[in-house]
Trainee: 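Dropping the structure in here first, questions after.
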Amino acid sequence: MLLGAAVLLSVVVLLGAVVAASVTIGRTPVELIDFAKRRLQGHSSLEFVSLPILDVLRRALAEQDEAELALPFAVAPLPPNPMRAASSPVPHDPRVIRVGIGRAITTIREAARAAVDGSVIEIDAGDYVADVAVWERANLTIRGLGDRVRLIAGGADAEGKAIWVFRSAKATVENIEFVNARVADRNGAGIRLQSGHLIVRRCRFWNGQNGILTSEDPKARLEVEYSEFGYNGDGDGLTHGIYAGAIESFRLTGNYLHHGNVGHLVKSRARHSRIEYNRLTDEIGGRSSYELEFPNGGVAEVVGNIIQQGTGGRNSTIVSYGAEGYRWPRNDLAFVHNTVVNDLRLGGGFLRVWPGAGSVTLRNNLFVGSGKVDPSKGADVAGDREAEWRDLLRPAREDYRLSDAARANWARTMPAPVAPALLPRHEYLHPAGVKALPGPPLYPGALQSGP
């Protein structure tokens, strides 16, 4: 009886110590326990005594999290489309392929087979279930007409990879939703880019294992604009909202990514990544690890983004650069005019740059909440500010614009100078877009507009 009480007391004391240490160090309790277990390996006497206690502590801290393998998501009924949007202004252009009920071509799969170089595929509004496709022709434009064109995987996939697979020299996809993308190896995607240059504009990616996933083709390019990604990730930490492999370039502009499921909102191994004017926010119920990660470095320009870690974050670091080693000839990070918010109660890291990076430049960022910035030795840092919650307009409602008092206070101090190529010209406009700034930024952070 006394022995059991002593063990229980020891567990309670250790639990309190782990929580206190996590606040001080800026790592989650589970991360600290896993680190301790790794350090104990090979020390037989210590392992025998300590590992059972650490396992009890880890289960106590992570039991609920590990039981929730998926975030709640349901496909809402598609509302009726009151009118069909206008098709191409050239009704008899042989390059235009129209898809829909009552058309000569009724499925997207047929349209992909019928396409030639330069085809324009126009898809009528509606739900297209299990209508997967591979696109291989050059200079394609694929666009949805009407209020909503929604592709629901329904258990189907193209080549065991995705709802749509691209091997086009160049393709543009507009106004399409990709829902419930899943494959047997748990690495499915709404779109899989195998090769070529893909532009995705005004699309949505819901509840897939990945939203967009690319190959490792060193010549491939991906651009994503004004799109929304939500509830993506298989719960294994290996699947993400967007995962750009070791491609030539990746550009992300004016997008809204939220509610990740254990994986990252955005992960890029590209040679050159430009992440500008996006909202990367985990929000209530989200369970992302990193919100933004560049595991192999490269040239990364992160400008004018709103980045938030929610209370359910699975990694205490919000933005990470170089965690898996640097692979590119140039590994330079510019982190400029971003608003980074940490709601994780136990603190964490706003930005971590791993040793070995080239140049690291931080300018006029706004950091809110409990956390640390670790930009690496020799980083060029100027104009960054730590803000209080009261400096934001309505942070409890995820409105991270500056309050009138903060704007009045900081207007007396000009932001640090920024290279022209990194100076913000726009700011994020919810729910997926940008708006032009009237002039150079006047305040730290991503949001310059007032209430």
Side-chain angles (χ1 to χ4, degrees), residues 88 95-97 108 111-123 132-144 149 151 158-159 161-178 181 187-205 208 210-229 240-255 257 266-278 294 296 298-303 327-330 421 432-434:
S88 170
R95 296 175 304 169
V96 177
I97 299 172
I108 299 167
R113 288 197 292 261
V116 297
D117 290 354
S119 285
V120 176
I121 294 87
E122 297 184 334
I123 306 170
V132 300
V134 179
W135 304 92
E136 297 182 302
R137 296 296 187 174
N139 300 317
L140 297 174
T141 298
I142 310 164
R143 58 179 173 237
V149 173
L151 311 184
E159 300 183 337
K161 295 182 175 74
I163 296 176
W164 284 1
V165 175
F166 280 85
R167 293 189 183 86
S168 173
K170 186 174 184 181
T172 300
V173 178
E174 299 178 325
N175 196 34
I176 308 284
E177 291 193 14
F178 300 82
N187 201 33
I191 289 179
R192 178 77 170 260
L193 173 61
Q194 291 295 102
S195 61
H197 179 191
L198 177 65
I199 301 169
V200 176
R201 185 179 294 128
R202 291 188 295 276
C203 291
R204 280 178 166 174
F205 296 81
N210 296 279
I212 297 176
L213 175 64
T214 83
S215 69
E216 300 285 305
D217 183 347
K219 296 181 180 179
R221 292 188 288 165
L222 173 64
E223 299 179 50
V224 185
E225 301 174 348
Y226 321 132
S227 297
E228 183 175 359
F229 297 73
H240 314 287
I242 300 177
Y243 188 175
I247 61 178
E248 171 61 28
S249 65
F250 168 45
R251 190 180 189 106
L252 190 70
T253 305
N255 300 278
L257 294 99
V266 178
K267 181 172 184 173
S268 176
R269 300 182 187 273
R271 175 191 292 268
H272 186 187
S273 301
R274 174 85 179 196
I275 313 297
E276 56 184 4
Y277 320 128
N278 302 282
F294 307 96
N296 299 126
V299 175
E301 298 164 339
V302 184
V303 179
R327 64 171 296 168
W328 297 108
R330 287 185 58 199
V434 301

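Every value quoted in this text rests on a predicted model; they were computed, and no experiment measured them.
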Trainee: Taking R137 for its side chain and A115 for its backbone only, find out whether a donor-acceptor pair lies under 3.5 Å.
Mentor: yes

Trainee: Would you give the length of the straight line joining atom CZ of F178 to atom CG of N210, rounded to the nearest 0.5 angstrom?
Mentor: 13.5 Å

Trainee: Have a look at V266 and tell me which of F229, Y243, F250 forms a side-chain contact (heavy atoms from CB on, under 4.5 Å) with it.
Mentor: F250

Trainee: With distance as the sole criterion, is a donor-acceptor pair present between the side chains of N296 and R269 under 3.5 Å?
Mentor: yes

Trainee: Taking it one step at a time, do E248 and R221 satisfy salt bridge (charged side-chain N to carboxylate O under 4.0 Å, His left out)?
Mentor: CA-CA 6 Å; E248 171 61 28; R221 292 188 288 165; over 6 Å; no

Trainee: For the residue pair G190 and A162, what are the closest heavy atoms and their distance?
Mentor: O-CB, 4.1 Å

Trainee: Under 4.5 Å between any side-chain heavy atoms of E223 and H197, yes or no?
Mentor: yes

Trainee: To the nearest 0.5 Å, tell me how far R202 CZ sits from E177 CD.
Mentor: 14.0 Å

Trainee: I'd like to know if the side chain of T172 reaches the main chain of T141, judged simply by a donor and an acceptor atom lying under 3.5 Å from each other, with no hydrogens or angles considered.
Mentor: no

Trainee: Would you indicate whether the side-chain heavy atoms of R143 and V120 approach each other to under 4.5 Å?
Mentor: yes

Trainee: Going from OG1 on T253 to CZ on R201, what distance comes out if it is rounded to the nearest 0.5 angstrom?
Mentor: 10.0 Å

Trainee: Evaluate the criterion side-chain contact (heavy atoms from CB on, under 4.5 Å) for residue pair I199 and K170; output intermediate values, then yes/no.
Mentor: CA-CA 8 Å; I199 301 169; K170 186 174 184 181; 3.9 Å; yes

Trainee: Between I212 and R192, is a side-chain contact (heavy atoms from CB on, under 4.5 Å) present by the stated rule, with each step listed?
Mentor: CA-CA 6 Å; I212 297 176; R192 178 77 170 260; over 6 Å; no

Trainee: State, to 0.1 Å, how close I97 and S119 come at their nearest heavy-atom pair, and which atoms those are.
Mentor: CD1-OG, 4.0 Å

Trainee: What are the two closest heavy atoms between E276 and N278, and how far apart are they?
Mentor: O-ND2, 2.9 Å

Trainee: Using a 6.0 Å cut-off, check whether atom CZ of R330 has over 12 heavy atoms from anything other than its own residue.
Mentor: no

Trainee: Check the orientation of W135 and W164. Use parallel for under 30°, tilted for 30 to 60°, and perpendicular for over 60°.
Mentor: perpendicular

Trainee: Evaluate the side-chain proximity of V96 to E122: yes if any heavy-atom separation is below 4.5 Å, no if none is.
Mentor: yes

Trainee: Considering only heavy atoms from C-beta outward, does the side chain of V134 approach that of F166 to under 4.5 Å?
Mentor: no

Trainee: Is N139 reaching over with its side chain to a backbone N or O of D117, donor-acceptor style, under 3.5 angstrom?
Mentor: no

Trainee: Do NZ/NE/NH1/NH2 and the carboxylate oxygens of E301 and R251 come within less than 4.0 Å?
Mentor: no

Trainee: When you measure from the side chain of S168 to the backbone of E136, do you find a donor-acceptor pair of N or O atoms at a distance under 3.5 Å?
Mentor: no

Trainee: Between OG of S195 and CZ of R167, what distance do you get to the nearest 0.5 Å?
Mentor: 7.0 Å

Trainee: First locate atom CG of L252, then atom CD1 of I275, and finally report the distance between them rounded to the nearest 0.5 Å.
Mentor: 5.0 Å

Trainee: Show the nearest heavy-atom pair for residues S273 and F294, with the distance to one decimal.
Mentor: CB-CE2, 3.6 Å

Trainee: Compare all side-chain heavy atoms of L198 with those of I191 and state whether any distance is below 4.5 angstrom.
Mentor: yes

Trainee: Can you check whether K219's main-chain N or O pairs, donor with acceptor, with D217's side chain at less than 3.5 Å?
Mentor: yes

Trainee: What's the shortest heavy-atom distance between L193 and A220, and which atoms?
Mentor: CD2-CB, 4.4 Å

Trainee: Counting C-beta onward and ignoring hydrogens, is there a side-chain heavy-atom pair between L222 and I247 closer than 4.5 Å?
Mentor: yes

Trainee: Got a salt bridge between E228 and R204, using NZ or NE/NH1/NH2 to carboxylate O under 4.0 Å?
Mentor: yes

Trainee: I need the R271 CZ to W328 CH2 distance, nearest 0.5 Å.
Mentor: 5.0 Å

Trainee: Give me the atom names and distance for the closest heavy-atom approach of G144 to N175.
Mentor: O-ND2, 3.0 Å

Trainee: Look at the side chain of S268 and the backbone N and O of A270, then say whether any donor-acceptor pair between them is shorter than 3.5 Å.
Mentor: yes

Trainee: Tell me if a side-chain donor or acceptor on N255 pairs with a main-chain N or O of S227 at a distance below 3.5 Å.
Mentor: yes

Trainee: Tell me whether S215 contacts the main-chain N or O of Q194 through its side chain, where contact means a donor paired with an acceptor under 3.5 Å.
Mentor: yes

